[in-house]
Amino acid sequence: MEFDIAYLLRYLPSLLRGLALTVQASGIAILLSILVGLVGACIRVARVPVLSQLIVAYVEFIRNTPLLVQLFFVFFGLPALGLTLSLFWSGVLSLTLWAGAFQVENVRGGLAAIAPGLKEAARALGLNQAQYLRLVGLPLAVRVGLPSMLNTCVSVIKNSAYLSAIGVQELTGVAFDRIASDFRAFEMLAVLLAGYLSVVLSLSAAVRLLEHRLQAPFRR
Amino acid sequence: MNLILENLPLFLIGLRATLLLAVVTLIASTAIGVVLGSLATLKSRPLRILVALYVETFRDIPLIVTIFAIFFGAPYLGVPLEPFPSVALGLSLWGGANGAEIVRAGINSVPHGQPEAARALGLHTGQIYLLILWPQALRAVLPAYTGLLALLFQSTSLGALVGVTEFLKAGGLVIERSTVMLGINPAFQIYAFVLVVYFVISSSLSLLSRRLERRLARGGERNIVAARDAASV
């Protein structure tokens with residue numbers, strides 16, 4: 001069986017629609033998960049009683065359970081609680097919850113890397129905890145934690161492929177539907193290989209470039 | 001709760017397949033990881049590039065795509081694979097890529113003076129790896145390696161998608177069975193139970209990984225490969 005370009009071109013529009021859905025789902029999940037990460041890390045660092053422990057439990061639970069099972073739980077299980085989401089939003093919610101846990105750790109790592117003297121100085125100047133986090137802590141923490149935060153974002157794009165498991169027609173879903181119905185494999189596998197590698201490699205290159213730029217003030 | 005007890009045999013069959021898959025892929029990943037990770041520390045530039053190419057490819061393609069590609073693509077190459085070997089192969093290729101990174105970092109954590117001194121004493125490359133680099137790298141990579149095992153264990157759940165009756169699939173079957181036979185939909189309870197079981201096993205591994213990291217650090221080990229750098233999920 002040889003590689004058939006014409007076949008590939010015929011399904012290009014639907015593959016592009018799949019790619020658009022991949023980008024859409026990952027984009028929304030990335031933005032929301034960063035929000036979860038910022039808020040969660042602040043709660044952890046400010047040691048807000050009860051909430052802080054809940055964040056710890058949330059992070060541990062997400063990191064120690066498979067994303068696929070989380071996705072099935074959200075899509076098949078949550079309707080029992082009266083929360084019925086569409087395919088797309090079930091996927092976005094799962095990806096957000098999953099990535100949010102990693103982002104909490106990334107931001108917290110950044111906050112932990114700040115020299116204690118800065119926090120004491122902020123206190124001495126009369127800033128309260130919230131002001132310290134907003135004006136001093138988070139800007140520095142995001143700068144330190146940015147590479148790992150962006151790596152988590154790259155993982156979100158890769159893991160958006162899991163959404164095909166509940167039937168979301170994103171890139172992977174579209175490609176394997178064609179493989180299943182047309183009895184041809186190589187064209188679609190080549191598209192997936194090229195699609196994911198190009199997105200992930202270009203983002204990783206951007207991460208390295210950014211890392212380099214952020215290090216600039218500290219290089220001699 | 002009753003539903004879980006009634007279907008315990010099915011859950012146990014699933015759990016056995018999950019654990020078997022995790023052990024098989026850990027062994028295969030270790031083999032790939034040690035060979036490729038060691039090759040990546042040799043002086044040869046083409047070898048390093050080849051290893052980097054392998055590692056990047058399998059870390060950057062979503063694991064689910066790798067497994068689907070093997071399961072659905074193998075028949076077109078004339079070698080149809082059963083679900084279990086397909087998943088085992090996909091997980092091993094991915095685990096091997098992450099294992100190679102860990103082994104490489106572990107070997108590089110040994111101070112450069114040591115292999116150079118060994119070379120000066122007349123040891124050849126094989127002896128240097130066997131007697132000097134591997135034993136010390138082994139300690140350095142233990143935390144990261146336990147972390148990788150936790151990820152491999154979690155990733156076996158992908159087997160459910162190509163028809164391996166592992167733990168997640170067992171849960172799915174119990175739900176289907178109850179829906180058909182009892183007319184109820186226990187998806188919430190069953191998937192919650194499945195989540196908890198994965199959590200208990202995986203978090204024990206993560207805890208072990210953190211303990212090892214702390215103990216090695218206390219023992220004066222300075223060059224530990226951090227568990228969080230272990231793998232790209």
Side-chain angles (χ1 to χ4, degrees), chain A residues 1 22 60-81 83 98-99 102 105-106 109 148 151-152 154-165 171-172 175-176 179-180 183-186 188-190 192-193 195-201 203-204, chain B residues 18 56-57 59-78 147 150-151 153-161 167-169 171-172 175 184-207 228-229 231-233:
Chain A
M1 182 182 292
T22 291
E60 282 302 306
F61 195 80
I62 294 288
R63 292 178 59 134
N64 283 306
T65 47
L67 174 56
L68 186 62
V69 188
Q70 294 164 16
L71 180 63
F72 279 12
F73 180 75
V74 166
F75 182 64
F76 297 111
L78 285 190
L81 297 184
L83 185 63
W98 178 83
F102 287 84
E105 285 300 284
N106 293 336
S148 50
N151 278 331
T152 301
V154 174
S155 293
V156 170
I157 298 177
K158 276 196 292 178
N159 285 340
S160 67
Y162 277 80
L163 269 53
S164 64
L171 188 57
T172 304
F176 280 100
I179 291 177
F183 300 106
R184 309 187 60 91
F186 297 131
M188 290 300 151
L189 290 180
L192 285 180
L193 193 71
Y196 283 107
L197 275 187
S198 59
V199 171
V200 171
L201 282 178
L203 275 174
S204 312
Chain B
T18 289
E56 277 302 310
T57 308
R59 276 164 63 117
D60 289 351
I61 299 173
L63 182 51
I64 182 172
V65 172
T66 308
I67 290 173
F68 277 179
I70 291 171
F71 182 66
F72 293 109
Y76 296 95
L77 295 176
L151 283 179
F153 165 71
Q154 287 184 25
S155 306
T156 57
S157 59
L158 284 167
L161 298 179
F167 196 60
L168 173 59
K169 181 76 185 176
I175 294 169
I184 54 169
N185 181 5
F188 181 83
Q189 295 91 314
I190 297 295
Y191 282 132
F193 170 69
V194 172
L195 275 173
V196 168
V197 172
Y198 274 107
F199 175 75
V200 169
I201 298 177
S202 171
S203 60
S204 337
L205 288 169
S206 305
L207 202 68
R228 66 184 118 63
D229 301 334
S232 137
V233 239

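Below, read A as the first sequence line, B as the second, and so on, with proteins coming before strands; counting in each chain starts at 1.
The two residues B:Phe188 and A:Ala80 make their nearest non-hydrogen contact at CB-CB, 3.7 Å.
For the atom pair CG of A:Leu189 and CD1 of B:Ile70, the computed distance is 10.5 Å after rounding to the nearest 0.5 Å. Note that CZ of B:Phe72 is 8.0 Å distant from CD1 of A:Ile179, once rounded to the nearest 0.5 Å. Distance check, rounded to the nearest 0.5 Å: CZ of B:Phe199 to CG of A:Asn64 gives 5.5 Å. Rounded to the nearest 0.5 Å, atoms OG1 (B:Thr57) and CG (A:Leu197) are 6.0 Å apart.
Using a 4.5 Å cut-off between heavy atoms, A:Thr172 touches chain B through its side chain atoms alone. Contact annotation for A:Glu105: neither backbone nor side-chain heavy atoms come within less than 4.5 Å of a heavy atom of chain B. For chain B, the nearby part of A:Leu192 is the side chain; its heavy atoms alone come within less than 4.5 Å. Proximity to chain B (any heavy atom under 4.5 Å) is restricted, for A:Ser164, to the side chain, taken from C-beta onward. Contacts between A:Leu81 and chain B at a heavy-atom distance below 4.5 Å involve the side chain alone, from C-beta outward. Heavy atoms closer than 4.5 Å to chain A are found in both the backbone and the side chain of B:Leu195.
Counting heavy atoms from C-beta on, the side chains of A:Phe183 and B:Tyr76 come closer than 4.5 Å. Looking at A:Leu201 and B:Glu56, their side chains come closer than 4.5 Å, going by heavy atoms from C-beta outward. Considering only heavy atoms from C-beta on, B:Leu161 stays 4.5 Å or farther from A:Phe176 through its side chain. Contact of the B:Ser203 side chain with the A:Phe61 side chain is not registered, since no non-hydrogen atoms from C-beta on lie closer than 4.5 Å. B:Leu158 places a side-chain heavy atom less than 4.5 Å from the side chain of A:Tyr162. Considering only heavy atoms from C-beta on, B:Ile175 stays 4.5 Å or farther from A:Phe76 through its side chain.
Between A:Leu68 and the choices B:Leu168, B:Ile64, B:Thr156, the side-chain contact (heavy atoms from CB on, under 4.5 Å) rule is met once, by B:Leu168. Checking A:Phe75, A:Phe72, A:Phe73 one by one against B:Tyr191, the ring-ring contact (aromatic ring centres under 6.0 Å, His included) holds for a single residue, A:Phe72.
A donor-acceptor pair under 3.5 Å is formed between the side chain of A:Lys158 and the backbone N or O of B:Arg59. Looking at B:Gln154, its side chain does come within 3.5 Å of a backbone N or O of A:Arg63 through a donor-acceptor pair.
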* Candidate pair A:Tyr196 and B:Asp60, rule side-chain contact (heavy atoms from CB on, under 4.5 Å), full reasoning -> CA-CA 7 Å; A:Tyr196 283 107; B:Asp60 289 351; over 6 Å; no
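Counting heavy-atom pairs closer than 4.5 Å to chain A, the top residue among B:Gly73, B:Ala150, B:Ser206 is B:Ser206.
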